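Nothing here was measured: the structure is a model prediction, and the numbers come from that model.
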Amino acid sequence: FVKTLTGTNIYGPFEAGFADGFACTGGSCAAGLDVQLCLAKLQYECSTTVNTQLFHDVCGGHASPYHYHTDFLCDYNSTDSTQHSTLIGVALDGYGIYGRYEGSNG
């Protein structure tokens with residue numbers, strides 16, 4: 001697995017899937033859907049409220065073992081779009097993984 005510099009696993013953008021009744025009543029999510037599409041599909045299909053705690057917390061991670069799929073909001077200053085985001089992790093190919101901002105100052 002790829003990990004952040006703080007040791008949190010980084011997975012790809014896709015969910016493992018949710019069977020009917022796991023996240024809500026009346027909705028399921030096939031493995032391989034990206035996280036946001038899976039959540040939107042469940043919110044559309046379900047007859048009950050979707051258990052959003054199964055998805056991302058305020059830091060962008062979830063589950064056991066705790067991991068990220070997309071943005072690692074607590075590992076860098078995610079509110080400052082004027083600066084390049086700091087190095088968060090290193091991919092298996094050796095390239096750096098950064099937050100969402102490239103910066104606007106240069």
Side-chain angles (χ1 to χ4, degrees):
F1 293 111
V2 176
K3 294 183 181 284
T4 65
L5 298 178
T6 60
T8 304
N9 289 330
I10 301 172
Y11 294 2
F14 306 111
E15 266 304 333
F18 294 104
D20 184 15
F22 188 75
C24 63
T25 302
S28 63
C29 183
L33 287 179
D34 70 69
V35 175
Q36 295 305 318
L37 183 58
C38 179
L39 180 56
K41 180 180 183 295
L42 291 172
Q43 289 172 330
Y44 177 78
E45 291 179 343
C46 294
S47 60
T48 60
T49 302
V50 177
N51 182 358
T52 56
Q53 291 180 338
L54 295 172
F55 291 89
H56 299 141
D57 62 14
V58 296
C59 292
H62 72 143
S64 180
Y66 187 79
H67 62 274
Y68 296 123
H69 285 280
T70 53
D71 204 358
F72 326 108
L73 299 176
C74 293
D75 286 359
Y76 68 99
N77 182 353
S78 63
T79 61
D80 185 2
S81 63
T82 64
Q83 302 295 317
H84 195 289
S85 297
T86 58
L87 181 69
I88 297 170
V90 178
L92 294 176
D93 61 7
Y95 285 94
I97 299 172
Y98 296 85
R100 68 173 77 167
Y101 300 119
E102 291 185 26
S104 60
N105 292 336

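- Partners of Tyr11 under the side chain to side chain contact (heavy atoms under 4.5 Å, CB included) rule, at least two apart in sequence or in another chain, are Phe1, Asn9, Pro65, His67, His69.
- Applying the side chain to side chain donor-acceptor pair (under 3.5 Å) test to Glu45 and every residue at least two apart in sequence or in another chain returns Lys41.
- In this structure, the side chain of Thr25 does not engage the main chain of Thr48 through any donor-acceptor pair within 3.5 Å.
- Evaluation of the ring-ring contact (aromatic ring centres under 6.0 Å, His included) test over residues 34-55, restricted to residues two or more places apart or in two chains, returns Phe18-Phe55.
- Partners of Asp57 under the side chain to side chain donor-acceptor pair (under 3.5 Å) rule, at least two apart in sequence or in another chain, are Tyr66.
- Residues meeting the side chain to side chain contact (heavy atoms under 4.5 Å, CB included) test with Thr49, sequence neighbours left out: none.
- In this structure, the separation between CG on Asp75 and SG on Cys59 is 7.5 Å, given to the nearest 0.5 Å.
- Hydrophobic clustering (side-chain heavy atoms under 4.5 Å, transitive across Ile, Leu, Val, Met, Phe, Trp, Tyr) groups Leu54 together with Val35.
- Considering every non-hydrogen atom in both Asp34 and Leu37, the closest pair reads OD1-N, 2.9 Å.
- Contact record, Val2 with Ala91: CG1-CA, 4.1 Å, taken as the closest heavy-atom pair.
- Shortest non-hydrogen contact noted between Ala31 and Ala16 is CB-O, 3.0 Å.
- Remark: Ser28 engages no residue in a side chain to side chain donor-acceptor pair (under 3.5 Å) (not counting sequence neighbours).
- In this structure, CD1 in Ile10 is found 7.5 Å from CD1 in Ile88, a value given to the nearest 0.5 Å.
- Between the OG1 atom of Thr4 and the CG atom of Leu87 there is a distance of 10.0 Å, given to the nearest 0.5 Å.
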